[in-house]
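Indexing begins at 1, ligand by ligand and atom by atom, following the structure's order. Only this structure's heavy atoms are used, side chains among them; waters, hydrogens and symmetry mates stay out.
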Amino acid sequence: PSILLLNGPNLNLLGTREPHIYGATTLTDVENHCASLCAAEGVTFSAFQSNHEGFLIDRIHSARTEKIDFIIINPGAYTHTSVAIRDAIAGVDIPFIECHISNVHKREEFRHKSYFSDIAVAVIVGLGTYGYEAAVKYVLQTEKFKKK
Ligand code: DQA
């Protein structure tokens, strides 16, 4: 089985971007850590970050061709704006967890609306970059991913 980790705009700046909100861990640290958790369970892992809506959509479409079993996505600011990414992820019919580093509900009103939450398996907010790890660990203990 396989997991794809997707990160949207500005998450390439993780570690240096508003560290009081997003912490000091870099996206490379997050991706490497998730990759090693998956490797230990014999699960295929891939990761992709883009600042461009269309590239994220293209990556979601190819996930279906690649038969990716599960997506963990932090759509960044596109969370609050992108009907197009929502339609892409709904269209490929791959289960996903929506993950946010910060607790978006404690922040500005415009971050309270998500185009993803109502179709996600689960939503993780406010756990910092540990949220990505929590998401991966959840997926790894589901029936499809469990070591036989
Ligand atoms: C974020 C929250 C979004 O509101 C913001 O635009 C981001 C990061 C988070 O991980 O907390 O870019 O998705």
Side-chain angles (χ1 to χ4, degrees), residues 1-41 43-64 66 68-142 145:
S2 53
I3 296 176
L4 169 64
L5 174 63
L6 283 179
N7 278 282
N10 301 308
L11 289 156
N12 56 311
L13 300 181
L14 213 56
T16 58
R17 166 194 191 198
E18 303 180 87
H20 57 289
I21 299 176
Y22 298 112
T25 308
T26 67
L27 186 58
T28 306
D29 294 336
V30 168
E31 290 175 349
N32 288 342
H33 186 57
C34 293
S36 67
L37 291 171
C38 288
E41 299 299 315
V43 166
T44 305
F45 176 82
S46 47
F48 180 75
Q49 186 276 332
S50 180
N51 296 322
H52 304 276
E53 193 171 25
F55 290 157
L56 291 161
I57 292 169
D58 289 344
R59 187 66 191 85
I60 290 166
H61 291 177
S62 36
R64 176 159 70 180
E66 289 165 38
I68 295 285
D69 295 295
F70 206 101
I71 294 175
I72 296 166
I73 183 170
N74 182 349
Y78 286 139
T79 306
H80 322 297
T81 64
S82 184
V83 177
I85 300 177
R86 173 202 171 89
D87 285 353
I89 205 158
V92 298
D93 200 24
I94 298 172
F96 72 95
I97 290 177
E98 173 187 354
C99 182
H100 301 283
I101 298 162
S102 66
N103 180 355
V104 285
H105 301 290
K106 268 212 267 207
R107 302 179 64 194
E108 303 95 323
E109 188 80 37
F110 63 82
R111 297 186 203 277
H112 298 182
K113 160 82 190 165
S114 166
Y115 280 102
F116 297 85
S117 300
D118 65 307
I119 55 169
V121 171
V123 183
I124 297 174
V125 303
L127 298 185
T129 51
Y130 176 76
Y132 294 106
E133 175 174 347
V136 168
K137 285 180 171 168
Y138 166 78
V139 176
L140 291 177
Q141 58 80 56
T142 59
F145 284 80

Undergrad: Filter the ligand 1-protein atom pairs down to N or O on both sides and distance under 3.5 Å, then list them.
TA:
residue  : atom   : partner : partner atom : Å
ligand 1 : 4 (O)  : His80   : NE2          : 2.7
ligand 1 : 4 (O)  : Arg111  : NH1          : 2.9
ligand 1 : 6 (O)  : Ala77   : N            : 3.2
ligand 1 : 6 (O)  : Arg111  : NH1          : 3.1
ligand 1 : 10 (O) : Asn74   : ND2          : 2.8
ligand 1 : 10 (O) : Ile101  : N            : 2.8
ligand 1 : 11 (O) : Ile101  : N            : 3.3
ligand 1 : 11 (O) : Ser102  : N            : 2.9
ligand 1 : 11 (O) : Ser102  : OG           : 2.6
ligand 1 : 12 (O) : Arg17   : NH1          : 3.2
ligand 1 : 12 (O) : Arg17   : NH2          : 3.1
ligand 1 : 13 (O) : Asn74   : OD1          : 2.8
ligand 1 : 13 (O) : His100  : ND1          : 2.8

Undergrad: Could you walk me through whether Ser102 and Arg107 pass side-chain hydrogen bond (donor to acceptor under 3.5 Å, both in side chains), step by step?
TA: CA-CA 9 Å; Ser102 66; Arg107 302 179 64 194; 2.9 Å; yes
Undergrad: Among residues two or more places apart or on two chains, list those pairs meeting salt bridge (Lys or Arg N to Asp or Glu O under 4.0 Å) that have a residue in residues 120-139.
TA: Glu133-Lys137
Undergrad: Tell me if the OH atom of Tyr138 is crowded by more than 12 foreign heavy atoms within 6.0 Å.
TA: no
Undergrad: Does Arg17, at its CZ atom, have more than 12 non-hydrogen atoms belonging to other residues, nucleotides or ligands within less than 6.0 Å?
TA: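 Counting neighbours around CZ of Arg17, more than 12 heavy atoms of other residues, nucleotides or ligands fall under 6.0 Å, so yes.
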Undergrad: With sequence neighbours excluded, give me every salt bridge (Lys or Arg N to Asp or Glu O under 4.0 Å) pair touching residues 71-87.
TA: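 Those involving residues 71-87 are Arg86-Asp118.
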Undergrad: Which pairs with one or both residues in residues 76-113 pass ring-ring contact (aromatic ring centres under 6.0 Å, His included), sequence neighbours excluded?
TA: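 For residues 76-113: His105-His112.
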